[in-house]
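The next block holds one structure in the form of structure tokens; read it before the comments.
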Protein chains: 2
Amino acid sequence: MSPSRPAGLVRQARTPRQGIPDATVARLPVYLRALTSLAEHGVTTVSSEELATSAGVGSAKLRKDLSHLGSYGTRGVGYEVEYLVYQISRELGLTQDWRVAIVGAGNLGRALANYGGFASRGFTVVALLDAATDLIDQEVAGLPVLAVTELERVIAQEQVQIGVLATPACAAQDLCDRMVAAGVTSVLNFAPCVLNVPGHVMVRKVDLSTELQILAFHQQRGAAAGLGYGGLGEQSQDGPGAAEVAG
Amino acid sequence: MSPSRPAGLVRQARTPRQGIPDATVARLPVYLRALTSLAEHGVTTVSSEELATSAGVGSAKLRKDLSHLGSYGTRGVGYEVEYLVYQISRELGLTQDWRVAIVGAGNLGRALANYGGFASRGFTVVALLDAATDLIDQEVAGLPVLAVTELERVIAQEQVQIGVLATPACAAQDLCDRMVAAGVTSVLNFAPCVLNVPGHVMVRKVDLSTELQILAFHQQRGAAAGLGYGGLGEQSQDGPGAAEVAG
DNA sequence: AGGCACTTGTGAACGAACGCACAAAGTCAG
DNA sequence: CTGACTTTGTGCGTTCGTTCACAAGTGCCT
């Protein structure tokens, strides 16, 4: 790679950790995916303009985002793909392994367990639980479905840090409480309801129905028109509002 | 009611339609769900404080959000649940039926087809398509899986307005193009990739892997701490960034 | 009728995020 | 070595979103 640069490996590991904006954090995974894809295509260096296009954002925004991680990138050249992949991964905490438990082995739970994207980036699904007795001991994605009564034991034993809720809304709060009591500190909630958790626990919610309703709104009032600008624009996905709840 | 105001029933249907903030639109479905739940429990009137708690937001934000729809609500009393449900539904465009096609009948596609939340609010899944020949003609959620070669015909014939992509990333762009060409103007994308679409088409993206990575980031740096405030706070779900892409 | 307690709706202050545009910093050719 | 060209990193003005605090409106009780 660039010969003039000293030990490319370390290069000012000054981490301005004090506060990466939530909006930026939400975009880092997108950049990471774009970079990974580029790397697979044999690209070794990329400019902010190219990467921005791949990620579907503006180049200025991308540069500002990356500048929050530190001053990687070489003026006049661009960013070294592999190096940037590593830096973003490290910042997101993907260099360590996260142990995930999925609660609910219905259609959604099974889909999640089979989803390749989980395993690919430092996330290991270590357990899949359900309340329905006829599902128990079935094998899904190489994992046996466990009885939900074992939840506390499994979470402690497997050192689960992240819990994924793929259950009906009515059961979600109770199961969430149990997971939190057992030591889980991050929850990804697919159930269509608001969860109450203590302050040290982080919840993110994904709601299919909500997404459809937002689409319906925009379609109703003139099909995404209005702003209509020319260039390749953003793609909405996910907002800054990372928030917690205190109990 | 107020003597100065005309007929209570219509009650100033002055729709300040010119621009509801995206952030507000993203929260309306949450309010709607909370209201529906309250209605089912027999509650007829609710204050902004109570509703805000149910929805997991601050009461000031809730009031401002609702004020963008118009002046429903009665000072000293609160909001009439049923009336507000109707108003939000109307604003979101849920009073009409939206016809949805799901492309990809893998684990995720089947989960989506079976998801009750779709049908419950004006969304009708009219078709489920897949490329895998061994899935075709299987019945899922009362619908036969159709060959993806029929995509254009089905979308035109069934007047599909919203397309849901639940396919691998590599196939997503192509299928998206075909859906758009066939007349779809809103796309909900579950494939982990950025879609390029013409300016009149709206895309929303849901990415499970992204959500996990955001959780990992926050967990890594102190487990959702930092802000830690006392009251019941927000729950992150979905951002304002409603955006379109122009081709 | 009048006062009191309660709740909405909103003006205004604050803060976060975006995009522009440019200086600093580097590369490459000659 | 010099000079032209490329691309990053960032200061700044603007826009968008959130929060505070309060006036105005409503119902209830005396």
Side-chain angles (χ1 to χ4, degrees), chain A residues 1-6 11-12 14 16 19-27 45-53 56-80 83-84 87 226-227 229-234 236 238-243, chain B residues 1-5 8 11-12 14 16 19-28 45-53 56-80 83-84 87 227 229 231 233-234 236 238-243:
Chain A
M1 321 283 152
S2 83
S4 67
R5 224 194 293 119
R11 196 212 268 189
Q12 282 274 73
R14 62 107 187 242
I20 296 177
D22 287 339
T24 294
V25 173
R27 280 186 296 265
T45 293
V46 69
S47 73
S48 66
E49 198 71 47
E50 296 169 299
L51 181 53
T53 306
V57 303
S59 66
K61 186 154 45 173
L62 179 128
R63 284 199 302 276
K64 186 154 288 190
D65 282 345
L66 292 185
S67 77
H68 284 119
L69 311 189
S71 237
Y72 317 122
T74 313
R75 294 172 195 239
V77 177
Y79 300 90
E80 196 185 325
Y83 185 60
L84 198 51
Q87 289 301 339
L227 300 160
Y229 59 83
L232 275 80
E234 327 268 297
S236 71
D238 175 17
Chain B
M1 315 246 144
S2 82
S4 65
R5 225 193 296 120
R11 199 207 269 194
Q12 285 276 74
R14 61 107 188 235
I20 296 178
D22 287 339
T24 295
V25 173
R27 281 186 295 265
L28 288 181
T45 292
V46 69
S47 73
S48 66
E49 198 72 47
E50 296 168 299
L51 181 53
T53 306
V57 302
S59 66
K61 186 152 46 175
L62 180 128
R63 285 201 300 277
K64 182 147 287 193
D65 282 345
L66 293 185
S67 77
H68 284 119
L69 312 188
S71 236
Y72 317 123
T74 314
R75 293 171 194 239
V77 177
Y79 301 89
E80 195 184 327
Y83 185 61
L84 198 51
Q87 289 300 340
L227 300 160
Y229 60 85
E234 328 268 296
S236 71
D238 174 18

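Values reported hereafter were calculated over all heavy atoms of this structure, with side chains retained and with hydrogens, waters and symmetry mates removed. Values in this document were obtained by computation on a predicted structure and should not be read as measured data. Protein chains get the first letters and strands the later ones, always in sequence-line order, with residue 1 at the start of each.
- Taking CG from A:L62 and OH from A:Y79, the interatomic distance works out to 6.0 Å, rounded to the nearest 0.5 Å.
- Taking atom CD on A:E80 and atom C1' on C:dG26, their separation rounds to 15 Å, with Å as the unit.
- Rounded to whole Å, atom P of D:dT18 lies 14 Å from atom CD1 of B:I20.
- Rounded to whole angstrom, the span from the NE2 atom of A:H68 across to the P atom of D:dG11 amounts to 11 Å.
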Atom pairs under 3.5 Å, N or O on each side, protein against nucleotides 5-8 of chain D: can you list them with distances?
unit_1 : atom_1 : unit_2 : atom_2 : d
D:dT7  : O4'    : A:G76  : N      : 3.1
D:dT7  : O2     : A:G76  : N      : 3.4
D:dT8  : OP1    : A:S48  : N      : 2.5
D:dT8  : OP2    : A:S48  : OG     : 2.6
D:dT8  : O2     : A:R75  : NH1    : 2.9

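- Position along DNA chain C of the nearest nucleotide to A:P21 versus A:A60 favours A:P21 as the more 5'-ward residue.
- Going from atom CG of B:L62 over to atom C1' of C:dT8 covers 11 Å, rounded to whole Å.
- A salt bridge (Lys or Arg N to Asp or Glu O under 4.0 Å) check over residues 66-79 of chain A, counting only residues at least two apart or in different chains, returns nothing.
- Between A:D65 and A:V57 the shortest side-chain heavy-atom distance does not fall below 4.5 Å.
- Considering only residues two or more places apart in sequence or on other chains, B:S47 meets the side chain to side chain contact (heavy atoms under 4.5 Å, CB included) condition with B:E49, B:E50.
- By the side-chain hydrogen bond (donor to acceptor under 3.5 Å, both in side chains) test, A:T45 pairs with no residue at all, sequence neighbours left out.
- Distances from the side chain of A:K64 to the nucleotides C:dA12, C:dG19, D:dC20 place C:dG19 closest.
- For the pair B:D22 CG and C:dA16 C1', the interatomic distance rounds to 16 Å; values are reported in whole Å.
- Remark: B:L66 CG to B:L28 CG distance equals 7.5 Å, nearest 0.5 Å.
- Spacing between atom CZ of A:R27 and atom P of C:dA16 amounts to 15 Å, rounded to whole angstrom units.
- Between the NZ atom of A:K61 and the P atom of D:dT15 there is a distance of 16 Å, rounded to whole Å.
- The nearest whole Å value for the distance from the CG atom in B:L84 to the C1' atom in C:dG9 is 14 Å.
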